[in-house]
Q: 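Dropping the structure in here first, questions after.
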2 protein chains.
Amino acid sequence: MNSIEIARLAGVSRSTVSRVINNYANVPPKTREKVMKVIQQYNYFPNVSAQVLAGKRARTIGLFLIAPGHVSSDILTNMLIVSVIEDASAYGYYVLTHIIRDANDTETINNVKEIFFQRRIDGGIFIGAAKHEPIIEELISEGFIVGVVDQEQPEIQQFNRIVANFNNDSGMKQAVAYLAGLGHSKIGVINGDMNRLSGPTKYEGFLKAMQLCGLHVNQDWVLAGSFHEESGYEAIYSFLRTQGERPTAIIAANDSVAFGAIRALKEHGLQVPADMSIIGFDDHPLSDKHHPALTTIRVDFSGMLKRLTSILIAKIEQPTADVKQITLDCSLVVRESCRRV
Amino acid sequence: MNSIEIARLAGVSRSTVSRVINNYANVPPKTREKVMKVIQQYNYFPNVSAQVLAGKRARTIGLFLIAPGHVSSDILTNMLIVSVIEDASAYGYYVLTHIIRDANDTETINNVKEIFFQRRIDGGIFIGAAKHEPIIEELISEGFIVGVVDQEQPEIQQFNRIVANFNNDSGMKQAVAYLAGLGHSKIGVINGDMNRLSGPTKYEGFLKAMQLCGLHVNQDWVLAGSFHEESGYEAIYSFLRTQGERPTAIIAANDSVAFGAIRALKEHGLQVPADMSIIGFDDHPLSDKHHPALTTIRVDFSGMLKRLTSILIAKIEQPTADVKQITLDCSLVVRESCRRV
DNA sequence: CTGAAAGCGCTTACAG
DNA sequence: CTGAAAGCGCTTACAG
């Protein structure tokens, strides 16, 4: 079944069939009806490849997740993916999800480029990118419409780059203020991946917040991490082997890191929050089920992706010159992992 | 950049460029090299719509999830989706995920049909379908290649229908035998959705297993449910308001239902497993984090989807007349929600 | 208001 | 081994 057949059966030309399908104004109701009847009767749906080839949009966006390891086991990542699928669906768009294990692998990068250049998608969203990701720069300079989470809008603003971030500064301020309010002055931090924007941003926020509260930052309590559970475990594991003084509270770069940290503390016979207060970042789906339930800085990932997807699709449908930037606030969620000292 | 440009730059015809791209045997190495150099140099990727229109595959499969409610919050469903995305990716295929809230809504069904008829996808997988789903039957009779989880292969076997199931019978047998071994004889059950194959299958498996163990089935302890957390909660909530004798153990149609059931028991002041033993089905990602950690019948969803995806893609690439059927075994996972009586 | 025709960018028999 | 040409199924100026 194709448009020629439909045209024949309806007694019109392919042009008219196409006009009906694309809701052109200059088709009289009677003609439209006649054609629609045949279309419905014969279960006709225009071939999407032919439409795209003739200049229509693919109505598909790409979702690129940069994440090492086996992603399908990470609950939060999975939620992000499904979130975007549902958001796009509200606009009649489909999502092509691509998981990037290693953003430095040539073949992988070539695959990503292929998806854009093949015109499989009308635009793409990148999650988990480093501060500077060559592939993203290349795509943007090629004119593709790209949404990026956790990167800065560069000096020379580009209309086809949509940037989305959380206000990590404010988040850290809330975390430190909360701990200070509970009487903590010895506060440590486990950093995230310093190659990603939110790594240094959170750390700088931490430093600023400490200063604001008049607290001293002990460099021995600034531990390296990578946003993963394992890095939180390892940070605390090695820290506890040192002999120096210990902080009474630790802020983790995110909740996964906090989970790992708590696991290491437990193994070492330390209880949270009795022996150490821990505060996370993100409000991971597991944080309220965790023991102890994790106090954290909530971040609205779904809300961010909803806005990002919506802006991306709007840009695809109506390319405009305005530069889009999304910043979302975070909020403290008090649960059970911090205590008053 | 298109194949004509590449042809011109390489000093050959478009035919030859196409032959190089599609790895035809009859291209001399020197010609191939010459063309490849230009292709790489100019970042050329053939337009996928043109390729599909000319008869190649879209290298995309559809994933249709029939699930009411807001899916992005269900951890297990999310894992299934990402699982398929990763499996397909191993074959160079992309996944178009579509979430079906209501399989009886005409517009929704039309959307599903559209995806197939538009030729966006080469085949599709359905998860969460009822025993008989008209849309699936229609697609299969139209000749589309379809994989279905939790449905039967009909009498007249169809080569383009791939069916995947768990051995629910054996699962139920293991659950009942385990409880019987702990001394339970008063065993109740919360059923799943009886409109889906695994609903009645699990219940029948339960009945058979009870008989095998010489145990009597008390119909008052056969509670209705729907595979969702809420239904487990409600089943127990209303059951506890009745005055009759209570079972000492309950088998839930799946882990979500078990979570709901335990929540209702707790609210009623009953402890698991002290006052009631509970056993689930699936081994949900949260089951080992649950309090008490849930004893359950493990089911390998990822393994099933991996096989289903692989067979689906094989069928797409090489349509054969053989009928494919997948059945996976389940296994008991003992944790903390059952006790000896 | 509507049809004939060009064009989108490929692939693949066909002929040599 | 390779090129010219038909064909895939649409959309959209263009002309009337």
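To find a chain, count down the sequence lines: A is the first, B the second, and so on, and within it residues start at 1.
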Q: In this structure, is the centre-to-centre distance between the rings of F116(A) and F45(B) below 6.0 Å?
A: no

Q: Between R8(B) and E5(B), does any NZ, NE, NH1 or NH2 come within less than 4.0 Å of an OD or OE carboxylate oxygen?
A: yes

Q: Return the pairing partner of dC1(C) with a 3.5 Å limit on both distances, Watson-Crick or G-U wobble; otherwise return none.
A: dG16(D)

Q: Strictly under 4.0 angstrom, non-hydrogen atoms only: write out the protein contact profile of nucleotides 8-16 of chain D, one letter per nucleotide from the 5' end, B, S or -.
A: BBBBBB---

Q: dT2(C), OP1 or OP2 - any side-chain N/O from T31(A) closer than 4.0 Å?
A: yes

Q: Tell me every residue that passes ring-ring contact (aromatic ring centres under 6.0 Å, His included) with Y44(B), counting only those two or more places apart in sequence or in another chain.
A: none

Q: Taking 4.0 angstrom as the limit, do D322(B) and K315(B) come out as a salt bridge?
A: yes

Q: Take atom NZ in K324(A); do more than 12 heavy atoms of anything else shown fall under 6.0 Å from it?
A: no

Q: Rounded to whole angstroms, how far apart are CZ on R32(B) and P on dT2(D)?
A: 11 Å

